[in-house]
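Shown next, in structure tokens, is the structure this report addresses.
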Protein chains: 2
Amino acid sequence: MKRLLLIEDDEEFASLIHDFLAKRSLHVDICDDPFRALVTPLEPYSLILLDLGLPGMDGLEVCRELRKKSTIPIIISSARNSTADKVTGLQIGADDYLPKPYDPDELYARISSLLRRAHAFVDETPKKSFIVDTKAHDVLFLDHPLFLTEAEFEVASQLIKHNGNVVSKEQLLYDSPAISSMDGKSLEMIISKIRAKIKPYSAQDHIIALRGRGYRLVE
Amino acid sequence: MKRLLLIEDDEEFASLIHDFLAKRSLHVDICDDPFRALVTPLEPYSLILLDLGLPGMDGLEVCRELRKKSTIPIIISSARNSTADKVTGLQIGADDYLPKPYDPDELYARISSLLRRAHAFVDETPKKSFIVDTKAHDVLFLDHPLFLTEAEFEVASQLIKHNGNVVSKEQLLYDSPAISSMDGKSLEMIISKIRAKIKPYSAQDHIIALRGRGYRLVE
DNA sequence: ATTCATTTTAAACCTTTTTTAAAAAAATTT
DNA sequence: AAATTTTTTTAAAAAAGGTTTAAAATGAAT
């Protein structure tokens, strides 16, 4: 379910919008303070609905600041609906400017349209399959703990840390205290063990050997 | 200079818009016939401005058809400005709906905003057929991984790096650590292997031999 | 001290890559 | 057009590297 951030100080109106959009499968978080809005992490949100009539700070300024931080779609809604305001808002980085009062159906249509456009190209940040669980000294593959041993954990972490790039066997050994004493073949042994532990969760081999160069991890 | 397609039958109004946007470095082509609009090639255009009040065909239908063909940004403008019309227009695939009459400044602001959003992700650079994938130590040909071996990879990278220029056999050997020990014959062997791996994806031979001088890669 | 899990070593096995050699094809020269 | 040279392909041997198995060594926990 998509999440939207509504920046609006009119509590009653905000809750109206919240309820209306909830019925259309959009979750709305409300923020009534522009300063707090600017320190809110935006990652969870697909779109921001920004009202210009905010206490303490000019709404256009809020928009400018948001745009500095992020390319997230922004729809301004405002009772100030002179052409000059609209033009400034759009120039500043807003994607749409909806004069108040508006029909919530139109709002929803505009949100949908903008999300469609904005997401058409968005590089859906694929969630990482491998996560290092430092506390547990383990690795999670698609949220499944692999129950790696110390040696396995060190090698796996190295591969994960290198983020898909090739890591030479030498480097793998050198950077892993627990196994630096090993000879070449032992490393391959460990790789084999790690593979075996991933296998139940994936048909694909995620540890790719590059002959003569080392190993690399693929998502 | 960006080109826009204005689909509008009011000649006088269209020419007004044309002139106004020309001052802002946007070239507007005018089309007064919805049927002709639908057979016009859209590649030259960055955005379509569609008026709904067209003779012979429903404007919303035009929008629907355009959207079937292309993801080009579309702004509807119309004297029909009921919420229902707006919602339908946006639902159908339009990116914005601007009720007539409007201030041309607002039109320009909305065009800019939409172009900004729509082009934010567009890869302006003409895409190269051959891409070196350093992570995988492989080469992508039209996005297909070729699964090159180490020797093949080094030779292919050299050719790609030289960007279409001739590379002598000596240089190819010299600059590729992994194969510098080879004698003459092996290089030709490798070239042959690379060709074989490209073949499934292209009828053309992309590695051109220049007798006595070396090889060069063509897109 | 014994047990158990983990790490290390060693060996056999399997695959892929590189090399070699030679024949076929193509281009250039005579 | 024939001869010569260069390039391309084919096929097979040799080398290198990777994987897995099994067994021995280690070391911590009971």
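So that the names make sense, note that chain A is the first sequence line, chain B the second, and so on, each numbered from 1.
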So what does Leu148(A) hit on the nucleic acid, given a heavy-atom distance under 4.0 Å: a base, only sugar-phosphate, or nothing? nothing

I'd like to know if the side chain of Arg116(A) and the backbone of Gly93(B) have a donor-acceptor N/O pair within less than 3.5 Å. yes

Qualifying residues under side-chain contact (heavy atoms from CB on, under 4.5 Å), relative to Pro44(A), sequence neighbours excluded: Arg3(A)

Spell out, as yes or no, whether a donor-acceptor pair under 3.5 Å connects the side chain of Arg195(A) to the backbone of Ile198(A). no

Taking the side chain of Lys169(B) as heavy atoms from C-beta outward, which of dT7(D), dT20(D), dT6(C) is closest to it? dT7(D)

Measure from CG on Leu172(B) to C1' on dT7(D) and round the result to the nearest Å. 15 Å

If I take atom CD1 in residue Ile208(B) and atom P in nucleotide dT7(D), what distance separates them, rounded to the nearest angstrom? 14 Å

Euclidean distance, atom CZ of residue Phe147(B) to atom C1' of dT17(C) [Å, nearest integer]: 16 Å

Atom pairs, N/O to N/O, protein against nucleotides 13-16 of chain D, distance under 3.5 Å?
unit_1	atom_1	unit_2	atom_2	d
dA16(D)	N3	Arg211(A)	NH1	3.4

Residue pair His206(A) / Glu219(A), side-chain heavy-atom distance below 4.5 Å: no

List for me each residue that meets side-chain contact (heavy atoms from CB on, under 4.5 Å) alongside Phe20(A), sequence neighbours excluded, and say none if there are none. Arg24(A), Pro104(A), Asp105(A), Tyr108(A)

Let me know the distance between CE of Met189(A) and P of dA11(C), rounded to the nearest Å. 16 Å

I want to verify a distance call: between dT20(C), dT8(D), dT19(D), whose nearest atom is closest to the Glu188(A) side chain? dT19(D)

Does any N or O in the side chain of Arg110(B) come within less than 3.5 Å of the main-chain N or O of Leu90(A), such that one atom is a donor and the other an acceptor? no

Take the C1' atoms of the five end pairs on each side of the helix from dA1(C)-dT30(D) to dT30(C)-dA1(D), get both axes, and report the angle to 10 degrees. 20°

Out of dT8(D), dT19(C), dT20(D), which has the shortest distance to the side chain of Arg195(A)? dT20(D)

Rounding to a whole Å, what distance do you find between Glu150(A):CD and dT7(C):P? 7 Å

Protein-nucleotide distance (Lys193(B), atom NZ; dT7(D), atom C1'), rounded to Å: 17 Å

Base, sugar-phosphate alone, or nothing: which one does Tyr215(B) contact when heavy atoms must sit under 4.0 Å apart? sugar-phosphate

Quick one: side-chain contact (heavy atoms from CB on, under 4.5 Å) partners of Asp19(B), sequence neighbours excluded? Ser15(B)

Given atom CG of Asp205(B) and atom C1' of dA26(C), what is their separation to the nearest angstrom? 13 Å

Thr149(B) has a side chain; which of dT18(C), dT7(C), dG18(D) sits nearest to it? dT18(C)

Would a distance-only check, ignoring hydrogens and angles, find a side-chain to backbone donor-acceptor pair under 3.5 Å from His162(B) to Gln158(B)? yes

Counting only side-chain N and O atoms of Ser192(A), is one of them less than 4.0 Å from OP1 or OP2 of dT20(D)? yes

Between dT18(C), dT19(D), dA22(D), which one does the side chain of Ala209(A) approach most closely? dT19(D)

Counting N and O atoms only, with roles assigned by atom type, does the side chain of Ser113(B) sit under 3.5 Å from a partner on the main chain of Ala94(A), one being a donor and the other an acceptor? yes

Nearest-angstrom distance from the residue atom NZ of Lys199(B) to C1' of dT9(D): 10 Å

List in chain and number order the residues that pass salt bridge (charged side-chain N to carboxylate O under 4.0 Å, His left out) with Glu170(B), two or more places apart in sequence or in another chain; answer none if no residue qualifies. none

